[in-house]
Amino acid sequence: MRVRFAPSPTGYLHVGGARTALFNWLFARHHGGAFVLRVEDTDVARNRPEYVNAIYEGLRWLGLEWDEGPDRGGPYAPYLQSLRAQRHREVAQALHERGAAYECFCSQRPADDNEDEDEAQQLPAVAPARAEGPKQAAGAPRTVCECRTLDAGRLAALREERAPALRLRVPPGRDFVVDDLVRGRVTFPGVMVEDFVLVTGDGRALYNLAAAVDDHDMAISHVIRGEEHLANTPKQQLIYEAMGWQPPHFAHLPIILNQQRRKLSKRDGATSLNEYAAMGYVPDAVVNFLALLGWSPGDNREILSRDDLIRLFDLGGVVKHPAIFDTAKLNWMNREYIKARPAAELARRMRELLAQRPADGETAGPARDDAYIEKVAELFHDRVRTVVEVFELGSYFFTDEPVVPAPEALAKYCAGREAVERLREVRSALAGTAAFDAATVEKVIRDLAAERGCKASDYIHPLRVAVTGQAVSPGIFQVLAILGKERVLRRIDALVHLLDARPAARTTVP
RNA sequence: GCCCCCAUCGUCUAGUGGCCUAGGAUACCGCCCUUUCAAGGCGGGGACAGGGAUUCGAAUUCCCUUGGGGGUACCA
């Protein structure tokens with residue numbers, strides 16, 4: 001079995017494309033078939049060569065290695081569609097010769113006067129491309145221009161005037177059915193598929209021709225792609241039929257939608273894979289999550305390794321309805337993967353992200369130290385959803401400066417006058433200890449509380465505000481130990497100073 | 001407009017005529033634990049879009065309505 005992922009390099013690999021690639025990969029690995037990467041770069045207007053690399057990077061990040069592709073060759077090379085143009089023209093010519101296609105001299109139909117589409121340049125008309133006039137009663141949107149039946153004399157005359165496009169002669173009077181592996185039999189009324197263009201006036205093979213030819217030539221057995229291609233399928237089947245080729249099986253995957261139930265677009269926050277990488281999602285989690293978006297193993301399992309997925313995957317488990325991309329669940333899953341792996345791995349990912357950040361004050365000092373990163377990772381590895389969350393929740397670990405206390409934290413734990421007292425007491429207790437490991441500082445603080453006859457938390461809360469600037473943090477004793485005596489003392493001093501300077505109005509708290 | 005597809009908790013889904021007073025996960029809420037926040041444990045609310053039809057019996061079959069999505073290019 002041979003499947004392919006055929007992106008066009010018009011942008012970064014987005015989650016929809018990634019999901020399509022993943023399902024193809026899973027299918028290939030499950031059946032021991034080949035997963036081929038074919039880059040469909042035939043639309044010169046929108047292509048960007050640099051995006052080919054972006055696609056490679058996205059697939060590699062996910063760990064979806066391809067067996068054949070532009071960069072690694074294979075028995076059916078080349079895998080860059082633009083390099084196969086000659087072959088596309090050959091097939092077009094064969095189609096023409098056997099009467100399955102005809103030359104069309106019509107002007108380009110004006111692109112729908114819909115808003116965003118870039119208006120196609122309109123050439124002077126030879127014949128009306130679309131039959132105008134009142135809507136035909138029985139609903140017959142199919143357009144047949146007179147080029148379909150030009151006689152030899154007229155044909156020759158027209159050829160002198162301009163280069164024709166080549167249209168497929170769609171057989172009239174029959175409906176077209178697609179036996180789709182995920183949605184069953186789909187029937188398109190014959191009147192709806194019109195004589196579509198195979199090759200443009202300037203000799204470029206268009207998508208339906210190129211895709212059909214390449215899929216056939218590359219011996220693709222299963223075409224697994226997004227639902228947006230469903231309506232193209234009858235056209236491609238017609239090409240196979242006209243050429244006498246055996247068509248592949250087709251499977252159309254449901255679209256991934258955003259929270260507003262629309263097709264994912266740039267405005268929906270992160271849509272391309274590299275953004276997820278940058279935010280500290282782990283590839284295995286993204287793969288797991290994407291696999292469950294539109295597919296289910298049929299039981300209640302949620303956490304599935306790559307091997308599980310390969311073993312369990314089949315097209316029968318693919319659902320028909322579109323799925324909404326839910327970041328909350330991805331976050332949960334990512335946390336599961338972070339927790340399931342040792343803290344050292346989180347530390348490694350932190351270092352990777354740190355390396356990509358500018359070396360400003362935020363990441364100065366001890367943040368460079370591997371052992372230090374590891375300790376911080378230890379503290380956060382079962383409380384963060386993403387790697388960057390460590391830097392956000394634990395920002396106080398990545399600066400040598402005193403922290404700026406959050407107003408809420410101040411209001412919650414430092415409102416009363418006694419907070420200052422407590423800070424002074426705990427400061428001097430802490431200053432008096434030489435060892436500064438978690439166990440020691442815990443004993444110091446608990447002893448202090450016992451001695452003063454109050455709760456340890458009475459000291460802990462203001463202390464947390466002093467060293468982290470926040471009302472919440474991981475266990476305070478470990479935080480203190482990692483920060484180190486010097487920074488801790490300095491931060492206590494800074495907060496005491498700040499509290500002292502504040503207006504004396506609110507000295508009591510109810 | 002026309003064509004096609006789809007329709008179970010907010011979200012991802014299980015469910016292929018009786019096992020369903022509809023299961024799981026996530027999100028949310030509560031309790032326990034606790035130095036805070038998480039994690040963890042326990043518990044809670046929450047769905048078969050609507051209407052017909054078939055059937056002894058429908059989330060499951062058929063039809064209509066509604067809603068959502070996709071397509072409608074000399075783009076892919």
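Proteins get letters first, then strands, A, B, ... in listed order; numbering begins at 1 in each.
Nucleotides B:U60 and B:G68, compared at atom P, are 22 Å apart to the nearest Å. Annotation: B:G71 and B:A38 have their P atoms spaced 42 Å apart (nearest Å). Rounded to the nearest Å, the gap between the P atom of B:G52 and that of B:G70 is 32 Å. Between B:G24 and B:C5, the distance separating the two C1' atoms is 27 Å to the nearest Å. For B:G45 and B:G23, the P atoms lie 11 Å apart once the distance is rounded to whole Å. With P as the reference atom, B:C4 and B:G41 are 50 Å apart, rounded to whole Å. Comparing the C1' positions of B:C75 and B:A22 gives an interatomic distance of 45 Å, to the nearest angstrom. Remark: the separation of the P atoms in B:U11 and B:C2 is 29 Å, to the nearest Å.
Cation-pi geometry between A:R174 and A:F176 is not met at under 6.0 angstrom from the ring centre and within 45 degrees of the axis.
We find that A:E442 and A:R446 are joined by a salt bridge, their nearest charged nitrogen and carboxylate oxygen being less than 4.0 Å apart.
Among the atoms of the strands shown, base atoms are found under 4.0 Å from some heavy atom of A:S473. Residue A:L206 is classed as a sugar-phosphate contact, given heavy-atom separations below 4.0 Å to backbone atoms only. Nucleic acid contact for A:A456: none, since no nucleic acid atom lies under 4.0 Å from a heavy atom of the residue. A:K412 comes within 4.0 angstrom of no nucleic acid atom, judged by non-hydrogen atoms across all strands. When heavy atoms are screened at a 4.0 angstrom cut-off, A:P254 is found touching no nucleic acid atom at all. Looking at heavy-atom distances under 4.0 Å, A:F289 makes no contact with the nucleic acid at all. Nucleic acid contact class of A:G201 (heavy atoms, under 4.0 Å, all strands): base. Among the atoms of the strands shown, only primed sugar atoms or phosphate atoms (P, OP1, OP2) are found under 4.0 Å from some heavy atom of A:T187. Residue A:G226 is out of contact with every strand shown, counting any heavy-atom pair closer than 4.0 Å. Within the 4.0 angstrom heavy-atom criterion, only backbone atoms of the sugar-phosphate kind lie near A:S457; the bases stay farther away.
As a whole-Å value, the separation of A:F196 CZ from B:A76 P is 13 Å. The nearest whole Å value for the distance from the NE2 atom in A:H229 to the P atom in B:U72 is 10 Å. Nucleotide B:C2 holds its P atom 17 Å from the CD atom of A:E194, rounded to whole Å.
Contact check, A:R204 against B:C75: a side-chain N or O comes under 4.0 Å of OP1 or OP2. The phosphate of B:G40 (OP1 or OP2) has a side-chain N or O of A:K339 nearer than 4.0 angstrom.
A:R183 contributes no side-chain N or O that forms a donor-acceptor pair with the base of B:C5 under 3.5 Å. On a pure distance criterion of 3.5 Å, a polar donor-acceptor pair joins the side chain of A:N232 and the base of B:A76. With hydrogens and angles ignored, a donor-acceptor pair closer than 3.5 Å exists between the side chain of A:E302 and the base of B:G24.
Minimum atom distance to the side chain of A:I255 is reached by B:G70, of the listed B:G70, B:C74, B:C4. Of the candidates B:C75, B:C12, B:G23, the closest approach to any side-chain atom of A:N300 belongs to B:G23. Listed nucleotides: B:U26, B:U13, B:U35. Nearest to the side chain of A:H321: B:U13. Picking from B:C75, B:U13, B:A39 the nucleotide with the shortest atom distance to the side chain of A:R335 gives B:A39. For A:D326, the side-chain atoms get nearest to B:U11 when compared with the rest of B:U11, B:A27, B:G69.
Base pairing analysis places B:U61 opposite B:A53; the two distances defining the Watson-Crick or G-U wobble pair are each below 3.5 Å.
RNA chain B is contacted by both A:K235 and A:R385; A:R385 maps to the nucleotide lying nearer its 5′ end (nearest heavy atom per residue). Where A:V384 and A:Q478 each meet RNA chain B at their nearest nucleotide, the meeting point lying more 5' is that of A:Q478.
Here A:D308 pairs with A:R301, A:R311 under the salt bridge (charged side-chain N to carboxylate O under 4.0 Å, His left out) rule; sequence neighbours left out.
Annotation for A:Y56: atom OH counts as buried by contact number, over 12 foreign heavy atoms lying within 6.0 Å.
Of the N and O atoms on the side chains of A:N288 and A:Y337, at least one donor lies less than 3.5 Å from an acceptor on the other residue.
In this structure the side chain of A:T468 never reaches within 4.5 angstrom of the side chain of A:F397, judged on heavy atoms. At a threshold of 4.5 Å between non-hydrogen side-chain atoms, the residues A:L315 and A:W295 do not count as touching.
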